[in-house]
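Shown next, in structure tokens, is the structure this report addresses.
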2 protein chains.
Amino acid sequence: MSRIPQSQRLRDQLEDAIVEGLYAPGDRLDPEALASEYQCSRTPVREALQQLATTGMVEVKPKRGTFVARLNVMEVVERFEVMAELEGMCGRLAARRITSDELTALEAAHEACRQARDAGDSDEYYYRNGVFHECIYTASHNDFLAKEALRLHAMLKPYRRLQLHVRNRVKDSFDEHERIVHALRSGDAETARRELMDHVRLQGDRFNDMAASIQRLPPPRA
Amino acid sequence: MSRIPQSQRLRDQLEDAIVEGLYAPGDRLDPEALASEYQCSRTPVREALQQLATTGMVEVKPKRGTFVARLNVMEVVERFEVMAELEGMCGRLAARRITSDELTALEAAHEACRQARDAGDSDEYYYRNGVFHECIYTASHNDFLAKEALRLHAMLKPYRRLQLHVRNRVKDSFDEHERIVHALRSGDAETARRELMDHVRLQGDRFNDMAASIQRLPPPRA
DNA sequence: AGGCTGATTGTTGTATACAACATATCATTT
DNA sequence: AAATGATATGTTGTATACAACAATCAGCCT
């Protein structure tokens with residue numbers, strides 16, 4: 001029926017489900033259960049899981065099953081470190097390459113963030129924040145970079161969500177966005193890069209703070 | 001018999017074979033042929049190919065087969081652009097974090113490059129150049145970054161190989177390495193970053209030059 | 001003669017059957 | 001009673017059978 005393989009559909013759906021927190025880190029993904037869940041056999045499920053394994057979303061333990069990736073603190077911090085660099089690169093390139101249409105879209109996303117902030121809706125802000133960042137990825141006009149940034153962004157989503165309700169985080173985040181938009185609008189590549197890197201690094205730092213305060217938060221790999 | 005799945009062994013072997021040029025970009029990878037080649041059935045082959053597809057080494061065209069990824073000029077240039085950033089990041093971190101053991105290993109790799117240069121053996125230089133760069137990835141002490149850098153490095157190998165015999169490239173490359181080692185030894189993060197970025201960017205530029213001079217070199221995707 | 005339609009062929013995608021292995025349970029031995 | 005080993009069970013990894021689809025070519029119609 002569908003023109004695209006079942007395994008690919010499954011991969012996307014599972015990825016979404018994991019990112020959305022439907023399956024928590026450490027959960028075992030039972031192929032048979034998923035097969036009956038998605039009305040197919042184990043084969044497409046296996047292929048989907050294999051693909052997710054190569055992107056690092058799940059971890060397969062040979063002969064023991066596949067589990068939603070549970071990253072320890074260092075692994076998350078490392079990823080934030082790389083994310084900061086990639087976002088900074090997106091900003092640097094976007095400052096030089098962004099089109100007026102893309103700038104308009106970025107400013108619209110920014111405005112949407114402002115409304116969510118004013119409404120005090122941090123969940124909504126978080127969602128619109130994602131759109132904002134995707135605008136910058138696109139504006140880098142480097143499709144490979146954009147894809148990689150998007151992938152990492154998705155991987156870190158469960159860990160960024162933890163800091164959703166930290167005091168003043170939304171307000172601070174928006175101010176940082178403000179400076180980023182300004183830098184992009186004025187085509188200041190180095191400033192855009194620095195602001196974006198700092199913006200992401202802050203998230204990594206916040207995560208580290210939380211992990212440090214809740215010692216047993218990042219359980220060792222199951 | 002083997003403790004690790006066949007599909008994973010296959011994935012690594014196929015990846016090596018592709019990187020080594022045994023299968024050229026655009027080649028079709030026939031699952032049945034590979035199955036008989038590696039003495040197994042289509043299933044592990046399929047899984048290996050799926051995994052390679054998610055890393056971008058091969059491209060699966062639904063219902064039409066899987067092919068070794070054939071990148072057009074822009075796709076390669078984009079990857080070099082990202083590679084430059086990642087290598088620069090490795091350099092920046094390595095300058096601050098490298099241990100004396102790692103510095104020793106780096107200098108040994110550098111010395112091996114010098115010998116290959118003096119012997120005028122550009123193939124050998126190319127190989128030892130890879131070891132040199134891997135030392136820096138490791139010294140970044142960010143395993144995730146190191147893994148990503150290694151992956152991109154492997155992906156670009158077939159396209160870097162094209163410039164192996166460009167006039168003076170080995171000599172210039174070694175001089176660049178010299179400056180990189182110096183920066184890392186003295187812990188100068190910003191210089192290490194800049195030198196490594198420039199080093200990789202030069203390769204991208206060279207590739208671009210070649211592609212421009214041989215117009216039909218990068219054939220459109222089959 | 002040229003273009004279109006339909007069967008044919010070969011390949012991919014999926015399901016299922018089977019085998020190999022890891023874990024857990026239970027009996028046996030010390 | 002504790003520890004160890006064998007068996008049982010359930011899960012994963014692999015092979016194969018089957019179905020669905022795309023490409024090719026032949027035949028027919030215009």
Side-chain angles (χ1 to χ4, degrees), chain A residues 1-18 23-70 219-222, chain B residues 1-18 23-70 219-222:
Chain A
M1 276 300 180
S2 58
R3 318 263 318 292
I4 74 170
Q6 189 102 303
S7 53
Q8 204 168 318
R9 274 174 22 86
L10 263 175
R11 182 175 63 76
D12 293 340
Q13 291 195 32
L14 283 175
E15 184 170 309
D16 286 349
I18 290 170
Y23 304 109
D27 281 3
R28 175 162 170 277
L29 297 172
D30 182 18
E32 290 195 46
L34 293 171
S36 67
E37 169 101 14
Y38 291 94
Q39 311 255 30
C40 66
S41 84
R42 268 176 47 214
T43 308
V45 174
R46 264 187 74 84
E47 293 193 348
L49 290 178
Q50 295 265 5
Q51 291 184 44
L52 290 178
T54 65
T55 69
M57 301 277 298
V58 307
E59 188 180 1
V60 304
K61 307 192 179 182
K63 285 287 182 186
R64 295 190 52 188
T66 78
F67 303 82
V68 178
R70 165 181 287 175
R221 301 165 157 258
Chain B
M1 279 299 180
S2 58
R3 319 262 318 290
I4 73 168
Q6 189 104 303
S7 52
Q8 205 167 317
R9 275 175 20 86
L10 263 174
R11 182 175 63 75
D12 293 339
Q13 291 195 31
L14 282 175
E15 183 169 311
D16 286 350
I18 290 171
Y23 304 109
D27 281 4
R28 175 163 171 277
L29 296 172
D30 183 18
E32 290 195 45
L34 293 171
S36 67
E37 168 101 14
Y38 290 94
Q39 309 255 30
C40 66
S41 85
R42 267 176 47 213
T43 306
V45 174
R46 264 187 73 83
E47 293 193 349
L49 291 177
Q50 296 265 3
Q51 292 185 43
L52 290 178
T54 66
T55 69
M57 299 278 298
V58 307
E59 189 180 0
V60 305
K61 307 192 178 182
K63 285 288 182 186
R64 296 188 53 188
T66 78
F67 303 82
V68 178
R70 164 180 290 175
R221 301 166 157 258

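Order of the sequence lines fixes the chain letters, A, B, ..., with proteins taken first and strands second; residue numbering starts at 1 for each chain.
Contact annotation: Arg64(A) reaches the phosphate of dT23(C) (side-chain N/O to OP1 or OP2, under 4.0 Å).
Atom-to-atom, NZ of Lys63(B) to C1' of dT12(C) comes out at 5 Å; the value is rounded to the nearest Å. Between Glu32(B) atom CD and dG13(C) atom C1' there is a gap of 13 Å when expressed in whole angstrom units. Between the P atom of dC21(C) and the CD1 atom of Ile4(B) lies a distance of 14 Å, rounded to the nearest Å. Remark: P of dT12(D) and CD of Gln8(B) are 16 Å apart, rounded to the nearest angstrom. Spacing between atom NZ of Lys61(A) and atom P of dT23(C) amounts to 10 Å, rounded to whole angstrom units. Nucleotide dG13(C) holds its P atom 21 Å from the CD atom of Gln39(A), rounded to whole Å. Between the P atom of dC18(D) and the CD atom of Gln6(A) lies a distance of 21 Å, rounded to the nearest Å.
Proximity note for Arg28(B) (side chain, C-beta onward) versus dG13(D), dG13(C), dT12(C): the nearest is dT12(C). Across dA15(C), dT23(C), dC21(D), the shortest atom-to-atom separation from the side chain of Ser41(A) is found for dA15(C). The side chain of Pro31(B) lies closest to dT12(C) when the candidates are dT12(C), dT23(C), dT14(D).
For the 3.5 Å distance criterion, the side chains of Glu47(B) and Gln50(A) qualify, holding a donor opposite an acceptor.
Shown here for Thr55(B) and Leu52(B), the closest heavy-atom pair between the two residues is OG1-O, 2.9 Å. Smallest separation of non-hydrogen atoms from Ser41(B) and Val45(B): O-CG2, 3.6 Å.
Residues Pro5(A) and Val60(B) form no side-chain contact, since every pair of their non-hydrogen atoms from C-beta on lies 4.5 Å or further apart. Proximity of Arg70(B) to Val68(B): side-chain heavy atoms (C-beta onward) are nowhere separated by under 4.5 Å. The side-chain heavy atoms of Pro62(A) and Ile4(B), taken from C-beta on, include no pair separated by under 4.5 Å. Here the side chains of Val58(A) and Leu14(A) are not in contact, with every heavy-atom distance at 4.5 Å or above.
Of the residues in residues 42-50 of chain A, those placing a heavy atom less than 4.0 Å from an atom of DNA chain D are Arg42(A), Arg46(A), in numerical order.
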